[in-house]
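All values reported here derive from a predicted model rather than from experimental measurement. By convention in this document, chain letters (A, B, ...) are assigned in the order of the sequence lines, proteins followed by strands, and residues within each chain are numbered from 1.
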Amino acid sequence: MAKQDKQFVKEITPQSEDFSRWYIDVLQKAEWMDYAPVRGCIVIRPDAYEIWERCQRELDREFKRTGHRNAYFPLFIPESFFEKEKEHVEGFNPELPWVTEAGGDILEERLAVRPTSETMFGHMYAQWIQSYRDLPLLLNQWANVVRWEKRTLPFLRTSEFLWQEGHTAHATEEEAREETMRMLGIYADFVESFLAIPVIRGQKTPSEKFAGAVETYTIESLMKDGRALQTATSHYLGQNFAKSFEIQYLDRDNQLKYVYTTSWGMSTRILGAIVMVHGDDRGLVLPPKLAPTQVVIVPIGPAKAREAVVAKARDLFEALQRAGVRVHMDDRDDVSPGWKFNEYELRGVPIRIEIGPRDLEASQAMFARRDTGEKFAVPLDGAVERVQALLSDIQRDMFDAAKRRLEENSHVAESLQQLVDLIQTKRGFVLAGWCGDEACERAVKDACTATSRCIPFHPPAHPETCVTCGKPAKHAVWFAKSY
RNA sequence: CGGAAUGUAGCUCAGGUGGUAGAGCGCACGGUUCGGGACCGUGAGGUCGCAGGUUCGAGUCCUGUCAUUCCGACCA
């Protein structure tokens, strides 16, 4: 059996056999999560949480760079707040958990556990904003939110999840629109350059937009099973919440005016995307920029040879550390090399370096790439530079591979029948013309369960007619089965 | 929230027609090993998801409930 084909880690269902089971298997075997004893809730275990922390750090830096500050708003939101914005309450009511009793008393007003915080920010902004001099107000919070979903899936859709939600208020529509697009850009850049996941940027159709938004913008990614995942959204809220919560400011002309607000968020859902975009039958595959451990060194050899091998391995370990590489050395002698190989592959470490007696003689080390499985000898002299170059190669190659997969699984449909065929036989993204009528959009879903993912900013084609009704198309829309 | 399936050791699972709980892997200890999940020996580990019921007796039968998975309706 060829090495590449061998099933190295038992107990992981192959992707080709059952993608959903593969996903759950990997998450559990790699110790990213475990189920908690509450419906739809998981524990995010340290390895996964560390990934989230690294995402937080990157994003937070970008938020700060663009003038935002962090704050923390309450977990509980009075029921009356929701009723102020009609569309908002209708959108979220079905999934709100309520606190009705506390301290042994029935509460006078029920408190919702926040599903998102537009209303709470709105309430506070109304008090803090008086003058045009108070604008723009640019805040973000890192928080947990709860949405009582009917159907849950680890990371992608859990009852409680972690995210950041940015909430900004601006004097003008133009400024708020700029902010909306700026943050979408920050998300897209982060996901593509840091996570090596290519995205499609676009606008949500009215039926898919955030409850209470004027417009919702999104980045969409393609999972390995051909389903789409919304990885972040940015909302232009216009004056909807400003009017519901009386967020007004006195302008230079001494006129009282409503502000324009935005909100934007990215959640721990992104961890699921990392798994589903890059993972393979051996487990996780982490892009080097994200990976907490970029290189693992495994010294090999029986007791006699071991001392010299470990010494040489340690030299390399220290040299890599000095060069700023996140490197781990596993010199445990109670675990076999083969076991270690499988373990670090399962956990997605980008590069493995093996050093054994044979390498010592040749003054070299064996390198193994996690993304391609390639194995090759590298002279110890210059190994540090080679690692650095390889890390950026892997980062680029992983993105390119995912990008290629996205392109190969993106098609254009001229008719509803063709769209349905593509979705049913190939999955992936299918571009089609749309007249703008919600019924036509709905017809696609009824025909094949694919939903409109977005109206892309840069469509690869411009269909002239609506895929459902045949009238002139107003937009090109990406349809896909989605998570 | 509807339909289907599953729930026995940390993991994968076995336990006809009811009779008091097993294997492999993992774990602990000792020894031998080390280039793709090494081997030998000894040992620890179980309210059989939970709650009722039937029975002299329930992992096994009945009812309910909780959780997970898959398929639908709703969603970051």
Side-chain angles (χ1 to χ4, degrees), chain A residues 1-4 6-13 18-21 23-25 28-29 31 34-42 90-96 115-116 144-165 187 204 207-211 216 218-220 229-235 263-273 282 298-306 309-310 331-346 352-360 365-366 368 373 375 377 445-446 449 451 482-483:
Chain A
M1 191 184 322
K3 276 183 183 173
Q4 298 299 322
K6 190 164 169 243
Q7 191 184 348
F8 284 90
V9 179
K10 293 153 276 250
E11 295 162 5
I12 293 181
T13 307
D18 185 337
F19 192 84
S20 302
R21 280 198 54 191
Y23 176 67
I24 303 290
D25 285 349
Q28 293 194 299
K29 302 297 173 194
E31 296 182 338
D34 204 350
Y35 289 102
V38 180
R39 205 200 100 86
C41 292
I42 59 169
E90 282 171 4
F92 282 102
N93 238 345
E95 47 194 53
L96 292 182
T116 179
N144 59 334
V145 286
V146 172
R147 298 180 186 179
W148 217 253
E149 301 289 352
K150 306 289 187 215
R151 194 174 172 185
T152 60
L153 190 60
F155 292 114
L156 300 190
R157 195 178 305 98
T158 47
S159 298
E160 179 187 8
F161 57 93
L162 305 182
W163 75 346
Q164 57 70 217
E165 48 179 323
Y187 288 140
K204 285 292 188 186
S207 70
E208 292 281 336
K209 77 176 170 57
F210 175 74
T216 289
T218 179
I219 53 175
E220 302 280 331
L229 183 74
Q230 175 182 309
T231 39
T233 49
S234 185
H235 314 291
S263 68
W264 26 275
M266 177 177 279
S267 74
T268 38
R269 165 178 267 193
I270 200 71
L271 301 194
R282 295 188 203 178
V298 180
I300 292 163
K304 302 136 264 181
R306 198 159 181 83
V309 167
V310 170
D331 59 358
R332 287 178 294 172
D333 60 4
D334 56 342
V335 183
S336 75
W339 191 91
K340 292 177 187 173
F341 296 170
N342 287 310
E343 189 66 14
Y344 291 106
E345 283 171 1
L346 168 63
R352 178 181 73 243
I353 300 178
E354 307 166 22
I355 300 184
R358 296 207 295 269
D359 300 309
L360 235 52
M366 290 303 299
K375 225 168 138 169
K445 187 178 182 184
D446 292 341
T449 76
T451 52
S482 74
Y483 276 102

Across all strands shown, which nucleotide pairs with [N] by Watson-Crick or G-U wobble geometry, both distances under 3.5 Å?
| N | answer |
| --- | --- |
| B/rC39 | B/rG31 |
| B/rG2 | B/rC71 |
| B/rU12 | B/rA23 |
| B/rG45 | none |
| B/rA76 | none |
| B/rG7 | B/rC66 |

To the side chain of [X], which of [options] is closest?
| X | options | value |
| --- | --- | --- |
| A/P154 | B/rG35, B/rC74, B/rU69 | B/rU69 |
| A/R39 | B/rU69, B/rU68, B/rA76 | B/rU68 |
| A/P337 | B/rA76, B/rG35, B/rG36 | B/rG35 |
| A/R306 | B/rC34, B/rA76, B/rG36 | B/rC34 |
| A/T152 | B/rG72, B/rC75, B/rU69 | B/rU69 |
| A/E345 | B/rC1, B/rG36, B/rU33 | B/rG36 |

Gap in Å between the two [atom1] atoms, one belonging to [N] and one to [M], rounded:
| N | M | atom1 | value |
| --- | --- | --- | --- |
| B/rA9 | B/rG15 | C1' | 14 Å |
| B/rC74 | B/rG59 | P | 44 Å |
| B/rG43 | B/rG16 | C1' | 34 Å |
| B/rA28 | B/rC61 | P | 37 Å |
| B/rU8 | B/rG3 | C1' | 27 Å |
| B/rG24 | B/rG45 | C1' | 15 Å |
| B/rC50 | B/rU60 | P | 11 Å |
| B/rU68 | B/rG49 | C1' | 11 Å |

(request) Please determine if A/R352 and A/E354 form a salt bridge, counting it only when a charged side-chain N lies under 4.0 Å from a carboxylate O. (result)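 Answer for the salt bridge query: yes.
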(message) Name the residue from A/T152, A/L96, A/T158, A/T116 that meets the side chain to side chain contact (heavy atoms under 4.5 Å, CB included) definition with A/R147.
(response) A/T116
(request) Sort out for me which residue in A/D333, A/I355, A/D331 forms a side chain to side chain contact (heavy atoms under 4.5 Å, CB included) with A/V310. (result) A/D331
Can you tell me the distance, in whole Å, between the [atom1] atom of [X] and the [atom2] atom of [N]?
| X | N | atom1 | atom2 | value |
| --- | --- | --- | --- | --- |
| A/I270 | B/rA76 | CD1 | P | 15 Å |
| A/F341 | B/rG36 | CZ | P | 6 Å |
| A/R332 | B/rC34 | CZ | P | 18 Å |
| A/I24 | B/rU6 | CD1 | C1' | 14 Å |
| A/R282 | B/rG36 | CZ | C1' | 9 Å |
| A/R147 | B/rC74 | CZ | P | 17 Å |
| A/L229 | B/rA76 | CG | P | 11 Å |
| A/E149 | B/rG72 | CD | P | 17 Å |

Sugar-phosphate only, base, or nothing, as touched by [X] at under 4.0 Å among non-hydrogen atoms:
| X | answer |
| --- | --- |
| A/G356 | base |
| A/R21 | nothing |
| A/T158 | base |
| A/G272 | nothing |
| A/P115 | nothing |
| A/F155 | base |
| A/M366 | base |

(message) So, applying side-chain hydrogen bond (donor to acceptor under 3.5 Å, both in side chains) with A/Q230, which one of A/E208, A/R269, A/K204 is it?
(response) A/K204
Counting just side-chain N and O atoms, does [X] come under 4.0 Å of either OP1 or OP2 of [N]?
| X | N | result |
| --- | --- | --- |
| A/S336 | B/rA38 | yes |
| A/Y35 | B/rU69 | yes |
| A/K445 | B/rC74 | yes |
| A/S20 | B/rC70 | yes |

(request) Report the distance from atom CD of A/E95 to atom OG of A/S159, rounding to the nearest 0.5 Å. (result) 10.0 Å
(request) Please round to the nearest 0.5 Å and tell me the distance separating atom CZ of A/R39 and atom CD of A/E149. (result) 9.0 Å
(request) Please figure out whether A/D18 or A/T233 has its closest RNA chain B nucleotide nearer the 5' end. (result) A/D18
(request) Could you check A/D334 against A/E160 and say which one's nearest nucleotide on RNA chain B is further toward the 5' end? (result)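 Comparing both residues, the 5'-ward one is A/D334.
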(message) Any donor-acceptor pair, under 3.5 Å, between the side chain of A/R151 and the base of B/rG2, if you only look at N and O atoms?
(response)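 For A/R151, whose side chain was compared with the base of B/rG2, there is no donor-acceptor pair (under 3.5 Å).
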(message) Once hydrogens and angles are ignored, does a donor-acceptor distance under 3.5 Å link the base of B/rG72 to the side chain of A/K150?
(response) no
(request) Say whether, by atom type as modelled, one donor and one acceptor occur between the side chain of A/T231 and the main chain of A/M266 under 3.5 angstrom. (result)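 The answer is no, because no donor-acceptor pair under 3.5 Å joins these two groups.
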(request) Would you say whether A/F161 stacks on B/rA76? The test is a distance between ring centres of less than 5.5 Å and an angle between planes of less than 30°. (result)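 Base of B/rA76: stacked against A/F161.
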(message) Before you tell me yes or no, could you show the steps for A/F155 and A/Y483 under ring-ring contact (aromatic ring centres under 6.0 Å, His included), namely the whole-Å CA-CA distance, both residues' side-chain angles and the distance that decides it to 0.1 Å?
(response) CA-CA 11 Å; A/F155 292 114; A/Y483 276 102; over 10 Å; no
(request) Mind telling me if B/rG64 is syn or anti? Syn here is a glycosidic angle within 90° of 0. (result) anti
(request) Could you tell me whether the side chain of A/L162 reaches within less than 4.5 Å of the side chain of A/S267, counting heavy atoms only? (result)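 They are not in side-chain contact.
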